[in-house]
Amino acid sequence: MTEATRPPSYGTVKYEVTPDKVATITLNRPEALNAFDRRMCEEIRDVWKRVKDDPAVNAVVLRAAGDRAFSAGLDIKKSYGQPDDVWNHEDPGELLSPKWQKVWKPVVCAVQGICTAGAFYFLNESDIVICSEDATFFDSHVSQGMVLALEPIGLMRRIGLGETLRIALSGNDERVTAATALRIGLVTEVVERDRLWERAHEIAAGIAEKPSSATQGTVRAIWESLDRPYRAAMEQGLIYTRLGNPIGMAEVRANPRPKRQPRLR
C-alpha cells in the first residue's frame, strides 16, 4: 500500500476515494460550524497533497458536515497560533486553497447553510460551486471592525467588483440567498438540501470519467490565464495543449466512452 492509497486518519476532516475516481473531502467540525483552526488547515493541506499524488483520483468533492453551516471561516474562539514576528504571519487560506497548493484536479464545492468570511477561500478556488436552497453567503469582517482584504481578491474573479464590494461592505446586515448567488454567478446550480451531496458527486464523477491529463490541463490553463495578459495567456495555453492533448487523446482512443444523450442545464 502506497502513501497515497493508505487510508488517512484526520481529526477535523473526513477523506475518502470511491472507485469512480472521486475523492470526497468533508469538513467535520459541525459543532464549531466547520470553522477552521490551525489543525484543520494543516490537515486540509495534507489532503490536497494526497489528492495530487493519487492516480486513483481524477476529481474532488468538497463538502461539509452538519445542517447549520458549510463553514463560518476562521475559528475566532481559539488562537490560530501565528508566530510572534508579525512579518512571519501566514495566511491560512494558502493551506486551504487548492490552487495555492497547485492542485489542478477539478474541485466541485457543495455549500449548505451559512457560508461566511474565510469560507470564501474554499469557494474562490473551487472550479464548480453548487449550493442548497438554504445556503446564505455573507462576510462579517467589517461588522467586527476588521479590514476585509484577502477573501475579496478571489471573490472578484468569480462575481466581479460590484457584487464583491456589496458583500464586503454590508457585513452582517445583508445575506446573499441561494437564488441571488445563482444570479450573480457565485454558484452555478441550486438544488434541494437532501440532493446536494448526491448532485455534487454526480458532477464530479462525470468529470472524473474524462482523461485527467485533459481536465487538469484545462483547469491549470484557465486559472493561470487570470494572472497573465491576454496574449501571454494564449501562448501559455498553446503550450498546455501540446503537452496534454497527445496523452488525453491516446487515452480516449484506448478507452472509448459509450455515447450518451447530453444533459440540458
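A quick note: this is a predicted structure, and the numbers were derived from the prediction, not measured. Heavy-atom basis, side chains included; hydrogens, waters and symmetry copies ignored.
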Please check this pair: side chain of [X] against backbone of [Y], looking for a donor-acceptor N/O pair closer than 3.5 Å.
X: Gln112; Y: Ala69; result: yes
X: Arg158; Y: Gly154; result: no
X: Asn124; Y: Glu151; result: yes
X: Ser213; Y: Gly248; result: yes
X: Lys102; Y: Lys52; result: no
X: Thr180; Y: Val176; result: no
X: Lys49; Y: Arg45; result: no
X: Ser170; Y: Asp173; result: no
X: Thr116; Y: Phe138; result: yes
X: Asn34; Y: Ala65; result: yes

Please lay out, stage by stage, how Tyr240 and Gln236 fare under the test side chain to side chain donor-acceptor pair (under 3.5 Å).
CA-CA 7 Å; Tyr240 287 164; Gln236 179 84 357; 2.8 Å; yes
What are the two closest non-hydrogen atoms of [X] and [Y], and how far apart are they?
X: Leu96; Y: Trp48; result: O-NE1, 2.8 Å
X: Ala168; Y: Val142; result: O-CG2, 3.3 Å
X: Arg199; Y: Glu189; result: NE-OE2, 2.9 Å
X: Phe122; Y: Ser71; result: CE1-OG, 4.3 Å
X: His141; Y: Val147; result: CD2-O, 3.9 Å
X: Leu196; Y: Cys131; result: CD1-C, 3.7 Å

Looking at [Y] and [X], is any side-chain nitrogen of the basic one under 4.0 Å from a carboxylate oxygen of the acidic one?
X: Asp54; Y: Lys21; result: no
X: Arg195; Y: Glu198; result: yes
X: Asp127; Y: Lys105; result: no

Cut-off 3.5 Å, side chains only: do [X] and [Y] have a donor facing an acceptor?
X: Gln216; Y: Ser212; value: yes
X: Ser143; Y: Ser140; value: no
X: Thr26; Y: Asn28; value: no

Does [X] belong to the same Ile/Leu/Val/Met/Phe/Trp/Tyr cluster as [Y], with side-chain heavy atoms less than 4.5 Å apart forming each link?
X: Val60; Y: Ile203; result: no
X: Val108; Y: Val22; result: no
X: Val191; Y: Phe70; result: no

Angle class for the Tyr15/Tyr10 ring planes (parallel below 30°, perpendicular above 60°, tilted otherwise)?
perpendicular
Out of Ile247, Thr241, Leu243, which residue meets the side-chain contact (heavy atoms from CB on, under 4.5 Å) rule with Asn245?
Thr241
